[in-house]
There are 2 protein chains.
Amino acid sequence: MHDVARLAGVSTMTVSNVVNARAGVSDPVRRRVLAAIADSGYQVNVSARNLRSGRTGVLGLAVPEVDRPYFGQLAARMISRAARLGYRMVVEQTAGRLDGELAAIESSRHQMYDGLVLCAVGIGPDDVRSSPPATPVVVMGERPFEGTVDHVAMPNREGARTAVLHLAGRGSRAIALVGGGARNRDDAFTLREAGYRDALAELGLVAHPELAVRLPTATSAGGREAVAELVRRGTPFDAVFAVTDTVALGVLRGLADAGLAVPGAVRVVGYDDLDEARYSVPSLTSVAPDHDWMAGTALDLLLARLSGARDAPPVADHIAPFRLAVRESSGRAADQHRSPAGPTMPSAGPP
Amino acid sequence: MHDVARLAGVSTMTVSNVVNARAGVSDPVRRRVLAAIADSGYQVNVSARNLRSGRTGVLGLAVPEVDRPYFGQLAARMISRAARLGYRMVVEQTAGRLDGELAAIESSRHQMYDGLVLCAVGIGPDDVRSSPPATPVVVMGERPFEGTVDHVAMPNREGARTAVLHLAGRGSRAIALVGGGARNRDDAFTLREAGYRDALAELGLVAHPELAVRLPTATSAGGREAVAELVRRGTPFDAVFAVTDTVALGVLRGLADAGLAVPGAVRVVGYDDLDEARYSVPSLTSVAPDHDWMAGTALDLLLARLSGARDAPPVADHIAPFRLAVRESSGRAADQHRSPAGPTMPSAGPP
DNA sequence: TTGAAAGCGCTAACAC
DNA sequence: GTGTTAGCGCTTTCAA
């Protein structure tokens with residue numbers, strides 16, 4: 001910048017003004033400066049600017065695994081929305097470990113960002129209380145955060161319940177659960193399992209322990225293996241509720257391995273409504289949280305904190321609305337359950 | 001830091017030394033400083049440190065779309081490898097547009113990073129020549145870069161050729177192509193199409209124009225629609241080579257729509273060897289570039305430039321080795337084609 | 001072993 | 001409209 005100033009025969013301040021397209025620079029001077037910039041190949045130093053201005057114009061999104069389709073699709077949504085609002089957004093990976101999440105929330109780690117959206121798996125309200133973030137943070141994830149930070153969650157329990165009721169409505173009675181390894185009492189998989197039990201109870205069906213398989217990780221490989229395990233156990237089943245679509249796709253594969261027709265012999269419902277659910281054979285019925293709503297809400301909350309609006313609402317847990325995307329894997333007739341409460345449902349869910 | 005220094009009754013320099021675990025600080029002083037840090041909740045200011053040191057310890061990975069499984073899986077590989085080497089790596093999205101890629105390569109944009117891995121779609125050697133990056137850049141993508149930057153590419157033409165030869169080996173003769181919209185003369189989809197033609201020529205088969213469908217975007221939706229189009233055209237076909245696995249999964253879905261059995265009536269091969277290829281029904285035969293090799297090579301090249309090693313080899317195009325992952329969609333018998341030339345193959349490929 | 005001074009590149013605030 | 005001054009928070013250098 002010094003060089004540019006010398007080359008153009010002006011002060012660094014004027015260069016700064018030109019670079020930032022500020023008013024109050026005469027046309028001939030501006031032209032001279034621009035020429036000097038082009039000549040010297042000058043580039044603004046972002047670190048210096050950040051140091052001075054205290055902001056970066058960049059938002060962070062921390063996810064457990066960048067290669068999980070759910071997070072990829074979430075990231076794409078958030079990035080394009082952020083771009084529309086004038087922010088750049090970059091993604092980083094926490095590896096789904098508590099230390100990774102704490103590192104992400106740790107201020108020194110994300111001073112690179114003006115704000116952070118953290119997709120949490122391990123972290124909980126106590127962690128936030130013990131190391132409160134210095135920059136605005138919004139958490140997306142399952143665990144209630146009890147007013148420690150803004151929190152956007154899925155309708156885990158309610159969505160799972162709806163899925164199971166749907167299976168029963170189609171005529172299934174022996175509904176298996178393929179679940180995920182619970183990390184804590186209130187993670188997504190545990191909540192979805194609770195929703196599964198809610199529905200069975202409502203239906204007057206017993207939750208046969210033989211019909212529940214819990215996986216160490218929620219992968220397609222696991223889903224496939226879970227079906228093999230169910231077959232080995234020998235208890236007959238005529239439907240499977242899988243805790244995620246990724247698992248459900250593995251379940252479809254496992255059922256194919258076992259020679260079980262879908263939906264003829266076994267109906268299947270997943271959770272997440274990934275793009276992939278449309279294209280599997282058979283296509284996958286899935287609980288479809290409103291992803292756009294989630295991405296939008298998380299970003300809006302973050303930007304509200306960022307702008308430091310005094311009138312910003314107090315931190316709270318927000319739960320996404322959902323619907324059931326009914327496709328081939330659960331049978332023929334069409335029906336759509338919708339969450340009744342509109343954009344933000346109370347945690348308790350609909351009656 | 002000032003505050004901490006005052007609190008501990010030392011100079012800021014000593015605080016800096018403690019924070020950076022440098023030698024030459026007596027134990028009692030160190031203890032006092034640490035206590036002061038804890039008390040004041042001090043966090044180093046990353047921008048200031050970057051300004052001073054001229055480096056950030058962060059690498060960037062710019063991909064066209066974060067929600068394409070291929071890029072998600074690539075990112076996961078690169079991030080964990082970078083972490084092992086002591087670097088943090090973040091992902092950003094170029095939206096696959098030339099301006100996005102130029103923005104990413106533009107120095108001011110990635111001064112946040114010590115180096116950048118750019119997965120290019122639109123950008124080419126001329127762009128690089130006209131705006132040479134100020135920090136080290138490695139390009140992953142299809143187009144040859146003619147020695148302008150380090151470049152890691154897939155064996156596009158050779159892999160496609162192998163896929164088609166495999167289909168013919170299984171008995172197919174009317175092999176359809178479901179291709180991607182070409183952006184330029186040497187993008188991945190054009191090269192793969194060339195490989196398809198190479199194989200047909202070798203086999204003495206004609207490339208029937210009716211059997212080639214080019215999609216505007218390489219999506220599952222497109223693959224599905226392409227099959228419908230092939231069926232509409234009425235020219236019989238007994239195999240499909242799809243330019244990516246994502247497209248191929250849509251093709252499988254489209255074939256199911258059309259009531260065509262895979263591999264009974266139509267054999268299918270994709271390209272990329274996504275995780276998903278293992279779990280589709282039927283599972284998908286796919287050209288499998290060595291993804292670990294690609295991620296590793298790209299990162300090694302970047303780090304070599306970063307370290308400023310004078311003995312670093314000149315920039316060059318590197319092409320990944322590959323194999324064919326044979327699964328259900330192409331028939332029964334097992335065989336594995338391997339690229340013969342080892343880790344780095346000349347662009348020309350094997351005879 | 002510790003500290004003082006200077007400056008990384010930028011910009012807000014104020015003079016001219 | 002343009003220039004001067006000062007300082008963001010850190011670290012390199014050199015002196016104590």
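Note on naming: letters A, B, ... go to the chains in the order of the sequence lines (proteins, then strands), and numbering restarts at 1 for each one. Computed over heavy atoms, backbone and side chain alike; hydrogens, waters and symmetry mates excluded.
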Atom-pair distance ([atom1] on [X]; [atom2] on [N]), nearest Å:
| X | N | atom1 | atom2 | result |
| --- | --- | --- | --- | --- |
| B:Gln111 | C:dG9 | CD | C1' | 10 Å |
| B:Arg55 | D:dC10 | CZ | C1' | 15 Å |
| A:Asn45 | C:dC8 | CG | C1' | 8 Å |
| B:Arg32 | C:dG3 | CZ | P | 8 Å |
| A:Ile37 | C:dG9 | CD1 | P | 16 Å |
| B:Asn50 | C:dC10 | CG | P | 14 Å |
| A:Asp3 | C:dC8 | CG | P | 11 Å |

Side-chain heavy atoms of [X] within contact of [Y], under 4.5 Å:
| X | Y | result |
| --- | --- | --- |
| A:Val90 | A:Tyr113 | yes |
| A:Leu61 | A:Val63 | yes |
| B:Phe71 | A:Val66 | no |
| B:Val10 | B:Val33 | yes |

| request: For the pair B:Val117 and B:Met89, evaluate side-chain contact (heavy atoms from CB on, under 4.5 Å) and give the outcome as yes or no after the intermediate values. | output: CA-CA 10 Å; B:Val117 177; B:Met89 183 160 219; 4.0 Å; yes
With no hydrogens and no angle check, is any side-chain donor or acceptor of B:Gln73 less than 3.5 Å from a backbone partner on A:Asp67?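 Not confirmed, B:Gln73 side chain does not pair with A:Asp67 backbone.
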Donor-acceptor check, side chain of A:Ser80 to backbone of A:Arg77, threshold 3.5 angstrom: yes or no?
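Yes; at least one donor-acceptor contact below 3.5 Å.
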Could you write out each protein N or O paired with an N or O of nucleotides 14-16 of chain C at a distance under 3.5 Å?
none

query: Is it the case that B:Ser16 and B:Arg22 place a side-chain donor and acceptor less than 3.5 Å from each other?
result: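 On atom types as modelled, these side chains qualify, holding a pair under 3.5 Å.
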Distance-only side-chain donor-acceptor flag, A:Ser40 / A:Asp3, under 3.5 Å: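 No, no side-chain donor-acceptor contact under 3.5 Å.
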In B/S/- notation (B base, S sugar-phosphate only, - none; protein heavy atoms under 4.0 Å), nucleotides 11-16 of chain D written 5' to 3' is BB----
Taking the nucleotide of DNA chain C with the nearest heavy atom to each, does B:Leu51 or B:Thr14 sit closer to the 5' end?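 Between the two, 5'-proximity favours B:Thr14.
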*Report the residue (B:Ala48 or B:Arg30) whose heavy-atom-nearest nucleotide on DNA chain C is the more 5′ of the two.*
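Nearest-nucleotide comparison on DNA chain C picks B:Arg30.
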- request: Look at A:Ser26 and D:dT2 and indicate whether a side-chain polar atom (N or O) is within less than 4.0 Å of OP1 or OP2.
  value: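 Yes, within the criterion.
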